[in-house]
Amino acid sequence: MNLKKILAAIVIMIIAAGNLNAQVAPNPSDKIKIGQGVRSGELTKAETVRLAKQQREIKKDVKSAKADGVVTREERKDIKREKRKADRTIYRKKHNNRDRN
């Protein structure tokens, strides 16, 4: 009986650990949104450069958070905050009535 509980707890911990890493993965949809903005001309060259730099910083932060093998709650929180900020920035840059033309 105790062995079953211990094994169940271990399985739950392994599944939860896998989900933690999935939650801090870079957001590919932001990359798609930036590419679409470039193709449509909604993003200027300078805006694109800044957005790409912001995405690189997020990717670097994710990599450093995973480097020690444990992504802490605080690291996850910081990365999510950065992703939300990046998403808002992409939206604002695409809708600010500036274009490449």
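Excluded from the calculations below are hydrogen atoms, water molecules and symmetry mates; all remaining heavy atoms, backbone and side chain alike, are included. Note that the structure is predicted; figures quoted are calculated from it, not measured.
The shortest distance between side-chain heavy atoms of Q54 and E57 does not fall below 4.5 Å. Considering only heavy atoms from C-beta on, E75 comes within 4.5 Å of T72 through its side chain. The shortest distance between side-chain heavy atoms of Q36 and R39 falls below 4.5 Å. Looking at R88 and K85, their side chains come closer than 4.5 Å, going by heavy atoms from C-beta outward. The shortest side-chain heavy-atom distance between T48 and R100 falls under the 4.5 Å cut-off. Counting heavy atoms from C-beta outward, R81 and D78 have side chains that approach closer than 4.5 Å. Side-chain atoms of L51 and T89, non-hydrogen and from C-beta on, do get closer than 4.5 Å to each other. Within the 4.5 Å cutoff, no side-chain heavy atoms of R98 are placed close to those of L43.
Rounding to the nearest 0.5 angstrom, the gap separating the NZ atom in K53 from the NZ atom in K60 is 9.0 Å. The line from CD of E74 to CD1 of I79 is 11.0 Å long, rounded to the nearest 0.5 Å. Going from atom OG of S29 over to atom CD1 of I34 covers 9.5 Å, rounded to the nearest 0.5 Å.
Residues satisfying the salt bridge (charged side-chain N to carboxylate O under 4.0 Å, His left out) test with K77, not counting sequence neighbours, are none. Shown here are the salt bridge (charged side-chain N to carboxylate O under 4.0 Å, His left out) partners of K94, two or more places apart in sequence or in another chain: E42.
Shortest non-hydrogen contact noted between A86 and I58 is CB-CD1, 3.7 Å.
Comment: D87 engages K33 in a salt bridge, judged by a side-chain N to carboxylate O separation of less than 4.0 angstrom.
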